[in-house]
A.B. asks: 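Here it is, the structure in full.
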Amino acid sequence: MTVDNEGAVERGEPPIPTSPPVMSAATIWIGGIIAALVAAFAFWFLITKFGDGTNAQAGKLDAIKTAGSIVLGTGGFVALLLAARRQRYAEIAVKQANEVLDHQRRVAEDTREHQLRVADDARHDATQRRIIELYTKAADQLGSEKAAVRLAGVYALERLGQENDDARLRQAIMNVLCAYLRMPHEVVKSSGPSMLGKWPATAPVRLDFKEFSVLEAVDDESAVEPDATRREEQEVRNAVQRVICSHLRPGDNRQDPVSTFWPDIDLDLSGASLASLDFDARVVRNIDCSGTTFTARVGFGRAVIEGAATFNGAKFAGIADFTSTTFKGSAAFVEAKFADVAFFLSAHFDGQANFYRAQFASQATLQGCNFGGVTWFDSVQFGAKADFINARFLDDAFIGGVGFHELAYFDRATFEKQAFFRATLFQAKASFEGVTFNVPPEFEKACAKLPIGKRRGGADVWPPGWRLRDDESYGVTVPTWDGSWGFLVQDESRDVNPGKISMESLTFEQ
């Protein structure tokens, strides 16, 4: 049989071992007979040729004996070579046998690994089918008309995500739960007074000298009577909120989080109506609460938002607590409305912070905030005290066109770059005591109400180099704002009486 070892090598297979040629029995017998004949002939020849006993013949016989000894030695050497040949062939046979065993072992291991992979794939497929079935069943339960079935679906999804450490599955579960919260539902009528605050009596105001609507409240007339069905639906929604929040708390050690923590989660709660939300010390990657209504207190204290935080158009009916919250990405509160106290105490905005046209009906506490990126407070309305004490603005700060209806405190605040207070209105006391401007600020067309003695909060403390032109003969009028107003001017400016000037005759570009 012909062995194709070259083809085996080309196919990546081990070469098939071949046996050395075997000496036949006939060859051995023939070799023995020839050796016996040669020995007999040599004996006869020596006896007949050199057997007469003379000295000369004896010397020749000794020479022949010596030659014979050499021949015998040569034969012995040949025998040693044959023995070495047998040893070599024996070793080759052992090596080939070992190679065969190694090949068989590798084949067996490869076969076992393949079988294990097939089994693992089969188990994985079975697990994925089971997960899909459970996920689909739980999601279907959320659409049930019975609250108990919906609750079962919520907790089934939670259990499914907790038992399977699959980031995509957990994100899908969060997507479903968030989608449930985004679904419209009827607001249950509160047994007590409305949680939503009212805008100050000076509203509506003109911002940028264009009319805009004030905080909209969900009053008792727009709510519905709390029957059993609506109460049950609210319980389901509360359960969904608790499930979402319970898996976003990493615990005290972020490097070694608790087992119930689900990392790298995105939340889309845009347009949802949420009751009291406990997001304290939670960690989320991105969160979108655009147009979301928070009907009660919401707590984001010590929360970490690693990506984008979007609260554009959100409405906060109760207290909004963002104390020590860390916004690692951009934070947007464009046209957000805060009916109750808003706490941003010691919050960190590592990226851009945008509060354009936001409305604060009650106190806004931004004391000790750290704004790392460009910050926009343009056209914001502060209906009560605005506290920026010890705030740090590391990039440009745009605080133009802002309406401070009550006290405005910027004591010991730091502005590392340009600060724009263009066309900002101070209706009550303004305090910039100990403020630091590393770049000269801009207060062009900023105004404060006159006379000073009738303004709430006492005497103003303006930034170094700035003062209020407080003579009423220099006053101007502001549409929709009562009384007379004075411009902020730099100390070296000339006191030229411009007469009565209407703010409507001025151009305020944003």
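For the numbers below, each heavy atom of this structure counts, side chains included, while hydrogens, waters and symmetry mates do not.
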A.B. asks: For residues Thr310 and Asn312, is any side-chain donor paired with an opposing acceptor at under 3.5 Å?
C.D. replies: no
A.B. asks: Short question: side chain of Asp321, backbone of Thr323 - any donor-acceptor pair under 3.5 Å?
C.D. replies: yes
A.B. asks: Show the numbers, then the answer: is there a side-chain contact (heavy atoms from CB on, under 4.5 Å) between Thr326 and Asp350?
C.D. replies: CA-CA 8 Å; Thr326 299; Asp350 294 344; 4.1 Å; yes
A.B. asks: Is there a donor-acceptor pair under 3.5 Å between the side chain of Gln427 and the backbone N or O of His405?
C.D. replies: yes
A.B. asks: How long is the straight-line distance from CD of Gln171 back to CH2 of Trp262, given to the nearest 0.5 Å?
C.D. replies: 10.0 Å
A.B. asks: Is any side-chain N of the basic residue among Lys417 and Asp396 closer than 4.0 Å to the acidic one's carboxylate O?
C.D. replies: no
A.B. asks: Give, for atom CZ of Phe327 and atom CD1 of Ile287, the distance between the pair rounded to the nearest 0.5 Å.
C.D. replies: 9.0 Å
A.B. asks: Kindly say whether the aromatic ring centers of Phe487 and Trp466 come within a distance under 6.0 Å.
C.D. replies: no
A.B. asks: For the residue pair Phe344 and Phe338, categorise the inter-ring angle as parallel (less than 30°), tilted (30 to 60°) or perpendicular (more than 60°).
C.D. replies: perpendicular
A.B. asks: Do any N or O atoms from the side chain of Asp268 and from the backbone of Ser270 form a donor-acceptor pair under 3.5 angstrom?
C.D. replies: yes
A.B. asks: Are any of the side-chain nitrogens in Arg392 or Glu416 under 4.0 Å away from the carboxylate oxygens of its partner?
C.D. replies: yes
A.B. asks: Is it the case that the side chain of Asp411 and the backbone of Ile389 share a donor-acceptor pair, with hydrogens and angles ignored and the cut-off at 3.5 Å?
C.D. replies: no
A.B. asks: Under the side-chain contact (heavy atoms from CB on, under 4.5 Å) criterion, do Arg282 and Cys245 qualify, and how do the steps go?
C.D. replies: CA-CA 7 Å; Arg282 267 58 176 187; Cys245 293; 3.9 Å; yes
A.B. asks: Would you say the rings of Phe432 and Phe443 are close, in the sense that their centroids are separated by under 6.0 Å?
C.D. replies: yes
A.B. asks: Please work out which of the three classes, parallel, tilted or perpendicular, describes the rings of Phe382 and Phe404, given edges at 30° and 60°.
C.D. replies: parallel
A.B. asks: Is the shortest side-chain N to carboxylate O distance from Arg357 to Glu335 below 4.0 Å?
C.D. replies: yes
A.B. asks: So, the side chain of Gln162 versus the backbone of Ser259: is there a donor-acceptor pair under 3.5 Å, distance only?
C.D. replies: yes
A.B. asks: What distance do Met174 atom CE and Leu157 atom CG have between them, rounded to the nearest 0.5 Å?
C.D. replies: 10.5 Å
A.B. asks: Is any NZ, NE, NH1 or NH2 atom of the basic residue among Lys385 and Glu406 found under 4.0 Å from an Asp or Glu carboxylate oxygen of the other?
C.D. replies: no
A.B. asks: Using a 3.5 Å distance criterion without hydrogens, assess whether the side chain of Ser330 forms a donor-acceptor pair with backbone atoms of Gln352.
C.D. replies: no
A.B. asks: Only one of Phe410, Phe398, Phe426 forms a ring pair (Phe, Tyr, Trp, His ring centres under 6.0 Å) with Phe421, so which one is it?
C.D. replies: Phe410
A.B. asks: Atom CZ of Arg469 and atom CG of Leu450: how far apart are they, to the nearest 0.5 Å?
C.D. replies: 11.0 Å
A.B. asks: Going through the distances and angles, do Trp376 and Phe420 end up as a ring pair (Phe, Tyr, Trp, His ring centres under 6.0 Å)?
C.D. replies: CA-CA 10 Å; Trp376 287 274; Phe420 300 89; over 10 Å; no
A.B. asks: Determine whether a donor-acceptor pair (N or O, by modelled atom type, separation under 3.5 Å) exists between the side chain of Arg170 and the backbone of Arg168.
C.D. replies: no
A.B. asks: Could you check whether any side-chain N or O of Thr136 sits under 3.5 Å from a backbone N or O of Glu133, counting only pairs where one atom can act as donor and the other as acceptor?
C.D. replies: no
A.B. asks: Please confirm whether the backbone N or O of Val334 pairs with a side-chain atom of Asn354, one donor and one acceptor, at under 3.5 Å?
C.D. replies: no
A.B. asks: Classify the ring geometry of Phe294 against Phe316: parallel below 30°, tilted from 30° to 60°, perpendicular beyond 60°.
C.D. replies: parallel
A.B. asks: When you measure from the side chain of Arg150 to the backbone of Ser144, do you find a donor-acceptor pair of N or O atoms at a distance under 3.5 Å?
C.D. replies: yes
A.B. asks: Report yes if the distance between the aromatic ring centroids of Phe311 and Phe322 is under 6.0 Å, otherwise no.
C.D. replies: yes
A.B. asks: How are the rings of Phe393 and Phe377 set to each other: parallel, tilted or perpendicular (split at 30° and 60°)?
C.D. replies: perpendicular
A.B. asks: Test Tyr180 against Arg237 for side-chain hydrogen bond (donor to acceptor under 3.5 Å, both in side chains), laying out the working first.
C.D. replies: CA-CA 8 Å; Tyr180 187 88; Arg237 289 178 172 269; 5.4 Å; no
A.B. asks: List the atom of Thr292, the atom of Gly271, and the distance in Å for their closest heavy-atom pair.
C.D. replies: OG1-N, 3.6 Å
A.B. asks: Between Ala296 and Ala275, what is the shortest heavy-atom contact and its length?
C.D. replies: CB-C, 4.4 Å
A.B. asks: Just checking, any donor-acceptor pair under 3.5 angstrom between side chains of Gln367 and Asp387?
C.D. replies: yes
A.B. asks: Could you measure the distance from the CG atom of Leu177 to the CG atom of Leu269? Nearest 0.5 Å is fine.
C.D. replies: 10.0 Å
A.B. asks: Measuring from atom CG of Asp278 to atom CG of Leu248, what distance do you get when rounded to the nearest 0.5 angstrom?
C.D. replies: 11.0 Å
